[in-house]
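The next block holds one structure in the form of structure tokens; read it before the comments.
Chain letters run A, B, ... following the sequence lines, proteins first, then strands; residues in each count from 1. This is a predicted model, so every value here is computed, not measured. Computed over heavy atoms, backbone and side chain alike; hydrogens, waters and symmetry mates excluded.
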There are 2 protein chains.
Amino acid sequence: MTIDVYLKKLKEDGFKITPKRKATIELFSKKKSYLSPQEVLEKLGNHFPGISSSTVYRILEELQDTGILIKIEHEDRQLYYFLCRMPDQHHHHFICRKCRRIEEVELCNLKELERFISKNLNCKVENHSVRLEGLCSHCK
Amino acid sequence: MTIDVYLKKLKEDGFKITPKRKATIELFSKKKSYLSPQEVLEKLGNHFPGISSSTVYRILEELQDTGILIKIEHEDRQLYYFLCRMPDQHHHHFICRKCRRIEEVELCNLKELERFISKNLNCKVENHSVRLEGLCSHCK
DNA sequence: AATATAAATCGAAACCATTTCGATTTAGGA
DNA sequence: TCCTAAATCGAAATGGTTTCGATTTATATT
Ligand SMILES: [Mn+2]
Ligand SMILES: [Mn+2]
Ligand SMILES: [Zn+2]
Ligand SMILES: [Zn+2]
């Protein structure tokens, strides 16, 4: 539950460890769900009054480029971010529609689906993403 | 390749068959790829000079509500639509990253993944979507 | 064919999350 | 401590999308 691994990742990618970046990672590490840029702005505003929204947007994008955060887009067409707990492994996400909790699922059995597409449609599958939604153990 | 089945669906859902709705469906039936609202506006503008963009946005949304069009959101954060060839069946989509062609894939083998999540995470999976990207048979 | 009317379209403005950019401040290496 | 590229600020612009009152149209009914 330490954020050191994320700070290390940040540094490795040539980013400076600034108070705002660190606080952003800490914020997400305490959350099990995703946050909108507005929510992040609000939370960070408690520690950094007057923080610029452009700073929040930039930090969120940098952290997602580094693989620390995952970015999703909801039906409301806005961006949301959440902390990736297995950044170096291919995996998929389950999102609780009630509490917005994220569960990361390492199981991936799409080989058959990819084989089907390669064979029947003669396509080359380069990547895929699965999005699962429902109710988590706390909400169902 | 007739659009009658889509017009029927429109009528069943209580929509009037207007020239612009019909032309929109015809436009998509000739395309194998997705179109942005701007592209639709441009194409429809050939037949209906001065057509309002709000009309295009509304028609696209209605057609997607009816299941005639599928709406996706790309990394550029804009909306795109394409004609669904199997509106009454659960299926997934392969998108060619070069020519934007859409292939609809009826095979779905996510039962194992859902079972894994139900069992290990104690979650209730209500729906899922798979997005596959790569190169189609024409582009690879 | 004419009428009625709810639905569809227009058009222009508003919306608002996100992006841009030049000025200022800061983290961290030398 | 100094230096400098990186980070942050802040205010304005951006632009795809939505809104809404006025006008037009599709289609069921007479
Ligand atoms: Mn996978
Ligand atoms: Mn499926
Ligand atoms: Zn939940
Ligand atoms: Zn292609």
Output for pair (A/L110 CG, A/H128 NE2), nearest 0.5 Å, gives 4.5 Å
B/R77 near the nucleic acid: base, sugar-phosphate alone, or nothing, with a heavy-atom cut-off under 4.0 Å? sugar-phosphate
Along DNA chain D (nearest heavy atom to each residue), the more 5'-positioned of B/P19 and B/Q38: B/Q38
Could you state the NZ-C1' distance from A/K22 to D/dA6, rounded to the nearest angstrom? 19 Å
Nearest whole Å is fine: how far is C/dA7 C1' from B/D13 CG? 15 Å
With under 30° as parallel and over 60° as perpendicular, where do the rings of B/H74 and B/Y80 fit, or are they tilted in between? tilted
Output the single nucleotide from C/dC10, D/dC9, D/dT8 whose closest atom is nearest the side chain of A/R21. D/dT8
Whole Å only: how far is the CG atom of B/L10 from the P atom of D/dA26? 14 Å
Figure out the NZ/C1' separation between A/K20 and C/dT25, and round it to whole Å. 9 Å
Is B/T55 close enough to C/dC10 that one of its side-chain N or O atoms is under 4.0 Å from OP1 or OP2 there? yes
Mind checking the CD-CG spacing from A/Q64 to A/L79? Nearest 0.5 Å is all I need. 9.0 Å
Measure the distance from NZ on A/K71 to C1' on C/dT19 and round it to the nearest whole Å. 12 Å
Got a second to check how far B/S33's OG is from B/E39's CD, nearest 0.5 Å? 7.5 Å
Whichever of B/I17 and B/L79 has the more 5' nearest nucleotide on DNA chain D, that residue is B/L79
Take the protein atom NE2 of A/H74 and the nucleotide atom P of C/dA17, then report the distance between them rounded to whole Å. 16 Å
What is the distance from CD of A/Q78 to P of D/dG16, rounded to the nearest Å? 18 Å
Does B/R58 have a side-chain nitrogen or oxygen under 4.0 Å from the phosphate oxygens OP1 or OP2 of C/dT9? yes
So, OP1 or OP2 of C/dT9: does either fall under 4.0 Å of a side-chain N or O from B/T18? yes
Counting just side-chain N and O atoms, does A/K16 come under 4.0 Å of either OP1 or OP2 of C/dG29? no
Answer yes or no: are there more than 12 heavy-atom neighbours, outside A/K31 itself, under 6.0 Å from its atom NZ? no
In whole angstroms, how far is the P atom of D/dG10 from the OH atom of A/Y57? 17 Å
Which nucleotide, C/dA8, D/dT19, D/dA7, lies nearest any side-chain atom of A/F15? D/dA7
